[in-house]
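For reference, the structure discussed in these notes is given below.
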Amino acid sequence: MSDLFAAQVQGRSTALGPQARVLHGFALPFAEALLAGIDAVLAAAPLRHLVTPGGHVMQVAMSNCGRFGWCSDRRGYRYDPNDPQTARPWPAFPPAFLALAGEAAEAAGFPGYRPDACLLNRYAPGTRLSLHQDRDEDDRVAPIVSVSLGLPATFLFGGFARGDKTVRVPLMHGDVVVWGGADRMRFHGVLPVSPGLHPATGECRLNLTFRKVR
DNA sequence: TAGTAGCG
DNA sequence: GAAC
């Protein structure tokens with residue numbers, strides 16, 4: 001068994017790599033505040049389906065909050081301080097977002113985390129996100145903090161080339177995945193979400209992905 | 001290659 | 001899962 005992917009369970013966390021881990025249930029105490037924050041963000045910056053540079057409509061519905069928002073269109077991927085749909089700045093971080101992101105990062109070995117962007121993803125049943133790298137940030141060392149809410153999903157965590165072997169990580173409501181440093185540029189994705197009904201979110205999975213763009 | 005179609 |  002490879003020690004990189006050995007997935008050693010230590011209490012309520014599972015190692016996916018030297019600087020990548022799953023914090024099981026870490027966001028549960030924050031869930032109510034996070035969901036309220038999501039509602040507020042989406043009221044100002046509605047979910048939308050972005051188009052990839054290849055011209056395909058993404059299955060995941062997205063929005064953003066924070067200083068920068070991740071955007072995609074036929075011209076490429078980028079971070080924009082404004083919502084292209086409204087020409088207005090993205091909503092500020094709800095306070096609970098920053099608290100959770102900082103505490104989760106610290107628990108995973110990244111103290112002093114100060115994200116400046118948060119991508120909101122909504123996965124309806126059947127929705128997937130194909131394997132990719134987060135490579136549009138200037139800072140490629142600061143961790144990604146990914147929070148799962150609602151319906152469960154299977155996270156794919158791979159290597160540094162698309163074709164590398166992937167590990168399947170079951171993620172439930174309240175789980176947080178943190179990867180940075182040497183593991184920051186690993187490919188990752190999400191398998192199609194199975195239909196279901198979750199008390200917190202209804203018929204969908206919600207994901208918050210924090211990044212440090214600058 | 002933040003995706004799909006199409007074949008084994 | 002490989003090819004595009």
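Everything numeric in this text was worked out from a predicted model, so none of it was measured. Because only heavy atoms are used, hydrogens play no part in the values below, and waters and symmetry mates are left out as well, while side chains stay in. In the text below, chain A, chain B and the rest are named by the order of the sequence lines, each starting its count at 1.
A straight line from OH of A/Tyr123 to P of B/dG3 spans 9 Å, rounded to a whole angstrom. As rounded to whole Å, 15 Å separates atom P of B/dG3 from atom CG of A/Asp73. Whole-Å rounding puts the A/Arg128 CZ to B/dG3 P distance at 7 Å. Atom-to-atom, CZ of A/Phe187 to P of B/dG3 comes out at 13 Å; the value is rounded to the nearest Å. The separation between A/Leu129 atom CG and B/dG3 atom P is 5 Å, rounded to whole Å. Summarising the geometry, the separation between CG on A/Leu156 and P on C/dG1 is reported as 10 Å, rounded to the nearest angstrom. Rounded to whole Å, atom C1' of C/dA3 lies 16 Å from atom CG of A/Leu131. Between A/Asp164 atom CG and C/dG1 atom P there is a gap of 14 Å when expressed in whole angstrom units.
When atom types are taken as modelled, the side chain of A/Gln59 and the backbone of A/Arg128 share a donor-acceptor pair closer than 3.5 angstrom. When atom types are taken as modelled, the side chain of A/Asp39 and the backbone of A/Ala36 share no donor-acceptor pair closer than 3.5 angstrom. At least one donor-acceptor pair closer than 3.5 Å links the side chain of A/His132 to the backbone N or O of A/His188.
For B/dG8, there is no paired nucleotide, since no Watson-Crick or G-U wobble pair has both relevant distances below 3.5 Å.
For B/dG3, one of the phosphate oxygens OP1 or OP2 lies less than 4.0 angstrom from a side-chain nitrogen or oxygen of A/Ser130.
Looking at heavy-atom distances under 4.0 Å, A/Asp136 makes contact with a base. Nucleic acid contact class of A/Arg78 (heavy atoms, under 4.0 Å, all strands): none.
Between A/Trp70 and A/Phe210, the ring center distance fails the sub-6.0 Å criterion.
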